[in-house]
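Just below is one structure, and these are the notes that go with it.
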2 protein chains.
Amino acid sequence: MSYPEAWLRGASLGEGITCQLRLQIINGTLKPGETLSENRIAADFGTSRSPVREAMKTLSNEGLIRLERMGAVVVGLGPKEVEELYDVRYLIESFVQQRMAGSDTGPLKISLQRIIDKMELAAKHGDPVEFAFQDLSFHETIIAEAKHSRIWQLWRSIRQIVMTVMLITTEEVFAEGERRIQGVVEKHRRLLQALQSGDPDEVQRSVRHYFDDSYVTLQHSISRS
Amino acid sequence: MSYPEAWLRGASLGEGITCQLRLQIINGTLKPGETLSENRIAADFGTSRSPVREAMKTLSNEGLIRLERMGAVVVGLGPKEVEELYDVRYLIESFVQQRMAGSDTGPLKISLQRIIDKMELAAKHGDPVEFAFQDLSFHETIIAEAKHSRIWQLWRSIRQIVMTVMLITTEEVFAEGERRIQGVVEKHRRLLQALQSGDPDEVQRSVRHYFDDSYVTLQHSISRS
DNA sequence: CTCTGTCTACTTGTATACAACTTTGTTCCT
DNA sequence: AGGAACAAAGTTGTATACAAGTAGACAGAG
């Protein structure tokens with residue numbers, strides 16, 4: 001499994017290396033505890049140390065590796081870490097919904113509906129990459145609506161990891177058949193419906209439910225692998 | 001006002017430049033909208049572009065500057081952004097306290113008491129830098145206790161900014177006299193007392209109160225400047 | 001056998017060089 | 001005068017070179 005090249009269009013070498021290493025760490029090709037050397041990686045990718053160095057710093061900021069005095073050691077993203085990642089996602093979206101309560105969400109709801117349409121289209125075309133991207137966009141659109149610089153920054157700091165995790169889990173979901181895919185679409189539709197109800201408590205409940213459900217999906221996915 | 005050199009002991013050039021630029025951005029020496037060039041800054045600091053480049057990337061991750069195609073533009077940290085920063089701090093500490101409810105907080109409480117003692121000592125010695133550092137340590141100790149990798153990562157991503165803001169505000173507090181200083185110590189003592197009560201609701205209330213109080217202090221500090 | 005000093009290979013941090021691209025100001029043509 | 005081509009300066013991204021420091025092996029002294 002490799003990183004979608006379309007997502008690297010116009011990216012620098014450093015960003016490309018970052019993405020590929022991130023994927024390798026998350027899907028377990030690079031195992032926790034392994035140590036990485038700038039020189040070795042640069043040789044592997046056939047580049048100089050500069051872009052590798054950039055990648056290492058980025059991955060360190062994302063918490064996927066730990067920079068030590070000699071060699072960076074892979075931290076990895078096990079089941080526990082993924083759960084914790086979803087903790088933070090819930091924290092963010094819950095906060096955002098709370099903050100948006102009462103404001104005009106008309107344009108937002110239209111955007112979200114459009115994204116759900118695109119998800120269904122991607123499902124019909126059997127395109128998991130596009131599907132995962134729209135899934136990400138759905139949540140990102142909600143978070144952006146809060147117009148809260150720090151929350152947005154927070155999202156950006158986990159965005160790439162979330163994207164990569166989604167990419168992997170979505171491929172699994174697609175492999176399990178139409179029914180599971182529609183289930184994911186339905187989850188988002190319910191979230192949008194709660195938003196349209198306009199009742200803050202209902203929204204909070206549905207966000208809580210969304211992530212509770214994601215937890216069990218994760219457990220399912222984890223126990224399979 | 002300059003960055004405490006003791007905090008840069010053993011740091012690389014890149015980290016040093018990062019800290020100095022961060023301080024200049026936060027205290028307004030570098031104003032929002034200004035554009036920074038790697039070459040110019042490297043010349044200013046008398047170094048090569050490498051450490052400057054590292055600094056730019058770090059500050060960009062912290063959201064203090066925005067990397068564009070040519071030249072990085074200063075985003076800055078106005079009153080609104082500081083408020084938003086405290087939103088996130090509340091989000092973190094509230095979550096941590098919630099998660100720790102019920103677990104054994106014996107050793108934690110001892111650590112916190114020690115830190116408060118050090119704060120009082122720093123107050124007595126009229127040492128705002130040490131005081132700010134202990135203030136930071138207090139909250140960091142609580143957050144570390146949750147043993148939640150993502151929350152910890154999240155804290156690390158704002159830690160330096162929080163530290164710098166604390167450094168600045170603490171100097172202001174010290175300038176306003178003994179009474180204000182003791183007020184800050186008292187705030188922390190109340191937080192610890194709530195923790196010792198063992199009642200989760202009481203803890204949540206006191207955390208909420210702590211940050212509500214911080215908001216008004218910020219408003220006060222902001223309206224003065 | 002254990003401890004210590006040294007030596008080697010490898011690591012990171014920093015400096016410098018270069019290529020590709022963007023912006024801007026100028027000049028020339030209409 | 002207005003606009004387009006062009007030139008020049010500045011910018012980033014990447015490669016390479018070098019210095020300083022660290023881990024680990026290894027040999028020799030106690």
Side-chain angles (χ1 to χ4, degrees), chain A residues 3 5-22 24-25 30-76 156 160, chain B residues 3 5-22 24-25 30-76 156 160:
Chain A
Y3 202 84
E5 285 168 34
W7 293 6
L8 291 174
R9 195 86 52 179
S12 70
L13 258 182
E15 296 173 85
I17 293 176
T18 307
C19 288
Q20 295 195 235
L21 283 181
R22 180 169 28 231
Q24 290 188 10
I25 291 173
L30 289 171
K31 297 204 167 51
E34 235 172 300
T35 76
L36 309 176
S37 139
E38 289 183 6
N39 280 318
R40 234 175 38 83
I41 295 178
D44 288 351
F45 282 92
T47 69
S48 78
R49 273 177 52 212
S50 305
V52 175
R53 196 175 174 72
E54 183 187 327
M56 301 285 255
K57 197 155 163 31
T58 301
L59 294 176
S60 163
N61 278 325
E62 293 179 356
L64 293 176
I65 66 177
R66 211 175 45 238
L67 264 41
E68 302 197 336
R69 283 184 278 192
M70 278 185 75
V73 42
V74 176
V75 171
R156 291 225 348 201
Q160 298 284 350
Chain B
Y3 202 84
E5 285 168 35
W7 292 6
L8 292 175
R9 195 87 52 178
S12 70
L13 259 181
E15 296 173 86
I17 293 176
T18 306
C19 288
Q20 294 194 236
L21 283 181
R22 178 166 34 230
Q24 289 187 11
I25 291 174
L30 290 171
K31 297 204 168 52
E34 233 172 303
T35 77
L36 309 175
S37 139
E38 290 183 4
N39 281 317
R40 235 175 36 83
I41 295 179
D44 288 351
F45 282 93
T47 70
S48 79
R49 272 178 52 213
S50 305
V52 175
R53 196 174 175 72
E54 184 187 327
M56 301 285 255
K57 197 155 164 32
T58 301
L59 294 176
S60 163
N61 277 325
E62 293 178 356
L64 293 176
I65 66 177
R66 211 175 45 237
L67 263 41
E68 302 197 337
R69 282 184 284 191
M70 280 186 74
V73 42
V74 176
V75 171
R156 291 226 348 202
Q160 297 284 350

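Here is the naming used below: chain letters follow the sequence lines, and residue numbers restart at 1 for every chain.
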Rounded to whole Å, please give me the gap between [atom1] in [X] and [atom2] in [N].
X      : N       : atom1 : atom2 : answer
E68(A) : dG13(C) : CD    : P     : 12 Å
M56(B) : dT11(D) : CE    : C1'   : 11 Å
R49(B) : dA15(D) : CZ    : P     : 14 Å
K57(A) : dT12(C) : NZ    : P     : 14 Å
L67(A) : dG21(D) : CG    : P     : 19 Å

**Item:** Residues in contact with DNA chain C, drawn from residues 9-17 of chain A - heavy-atom cutoff 4.0 Å
**Value:** none
**Request:** Test L30(B) against L36(B) for side chain to side chain contact (heavy atoms under 4.5 Å, CB included), laying out the working first.
**Result:** CA-CA 9 Å; L30(B) 290 171; L36(B) 309 175; 4.2 Å; yes
**Message:** Test of understanding: with side chain to side chain contact (heavy atoms under 4.5 Å, CB included), list the residues that count as partners of E68(A), not counting sequence neighbours.
**Reply:** R66(A), V73(A)
**Trace of the side chain to side chain contact (heavy atoms under 4.5 Å, CB included) decision for E15(B) with T58(B)** = CA-CA 9 Å; E15(B) 296 173 86; T58(B) 301; over 6 Å; no
**Request:** Supply the atom-to-atom distance R53(B) CZ to T47(B) OG1, rounded to the nearest 0.5 angstrom.
**Result:** 13.0 Å
Give me the distances for all protein-to-nucleotides 8-11 of chain C N/O pairs that come in under 3.5 Å?
| from | atom 1 | to | atom 2 | distance (Å) |
| --- | --- | --- | --- | --- |
| dT11(C) | OP1 | S37(A) | OG | 3.3 |

**Request:** Kindly indicate, with the supporting measurements, whether the criterion side chain to side chain contact (heavy atoms under 4.5 Å, CB included) is fulfilled by K31(B) and V74(B).
**Result:** CA-CA 7 Å; K31(B) 297 204 168 52; V74(B) 176; over 6 Å; no
**Where L8(B) and G16(B) come nearest, the two heavy atoms and their spacing** = CD2-CA, 3.9 Å
**Message:** Side chains of E54(A) and S12(A), heavy atoms from C-beta outward: is any pair under 4.5 Å?
**Reply:** yes
**Request:** Can you figure out which of dG13(D), dT16(C), dG13(C) approaches the side chain of R53(B) most closely?
**Result:** dG13(D)
**Message:** Tell me whether the side-chain N/O atoms of S50(A) come closer than 4.0 Å to OP1 or OP2 in dT14(D).
**Reply:** no
**Message:** With side-chain contact (heavy atoms from CB on, under 4.5 Å) as the test, pick out the partner of M56(A) among I17(A), T18(A), I65(A).
**Reply:** I65(A)
